[in-house]
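What follows is a set of notes on a single structure, which appears directly below.
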Amino acid sequence: LQYRRYLEGAREVLEHAAAAAGVRWLRTVEVLARQVVTIVDGLTLHYIVDHDGAAARAALSAFAADLAALGVARTEDSPAVAATRGAGNV
């Protein structure tokens, strides 16, 4: 139940962030939410063990940059742009 709530919260944040930024995600919100929860959970456990705040911040910053790169402008959803993409591209 706890992780289900974490996933729901992450999905909501991702959906709101995409709407506010005018982007769509290149992966499903479900997959991204699971990644967010997994990263935050892992960083939390790692911090409990080593108390290395600088390393935790660096890892979180790297993940945030990776996540941000998965947001693309909604205008790319236009049929003309979609038709130019190769098979298998999102």
Side-chain angles (χ1 to χ4, degrees):
L1 182 63
Q2 178 180 354
Y3 278 88
R4 189 175 341 151
R5 287 186 181 151
Y6 289 164
L7 287 171
E8 289 170 5
R11 276 193 299 267
E12 287 178 21
V13 168
L14 289 162
E15 289 168 353
H16 288 295
V23 301
R24 66 177 176 85
W25 297 112
L26 291 175
R27 294 190 186 139
T28 66
V29 172
E30 289 74 25
V31 167
L32 291 176
R34 188 167 295 271
Q35 285 182 282
V36 168
V37 170
T38 300
I39 291 291
V40 171
D41 190 51
L43 282 171
T44 301
L45 290 174
H46 207 103
Y47 179 78
I48 289 169
V49 171
D50 69 9
H51 301 285
D52 189 343
R57 283 187 297 277
L60 189 56
S61 179
F63 175 69
D66 293 344
L67 181 62
L70 294 173
V72 295
R74 283 194 201 133
T75 57
E76 292 184 19
D77 281 335
S78 71
V81 172
T84 65
R85 291 194 185 116
N89 290 339
V90 179

Could you work out, with side chain to side chain contact (heavy atoms under 4.5 Å, CB included) as the rule, every residue matching [X], not counting sequence neighbours?
X   : value
T38 : R34
V13 : none
A10 : A33, V36, V37
E12 : H16

Going by the side chain to side chain donor-acceptor pair (under 3.5 Å) test, which pairs reach into residues 48-61, not counting sequence neighbours?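 As it turns out, the side chain to side chain donor-acceptor pair (under 3.5 Å) pairs with a partner in residues 48-61, which skip direct neighbours, are H46-D50.
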Could you state whether [X] and [Y] fall into the same hydrophobic cluster, counting links through intermediate Ile, Leu, Val, Met, Phe, Trp or Tyr residues with side-chain heavy atoms under 4.5 angstrom apart?
X   : Y   : answer
L67 : V23 : no
F63 : L70 : yes
V31 : I39 : no

Can you tell me how far the CG atom of L43 sits from the CD1 atom of I48, to the nearest 0.5 Å? 11.0 Å
Spatial distance of atom CG (D66) from atom CG (L32) [nearest 0.5 Å]: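 So the gap between those two atoms works out to 11.5 Å.
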What residues, two or more places apart in sequence or in another chain, satisfy ring-ring contact (aromatic ring centres under 6.0 Å, His included) together with Y6? Y3
Heavy-atom closest pair, residues Q35 and R27: OE1-NH1, 3.3 Å
Using every non-hydrogen atom in the two residues, find where W25 and A18 come nearest and quote the distance to one decimal. NE1-CB, 3.5 Å
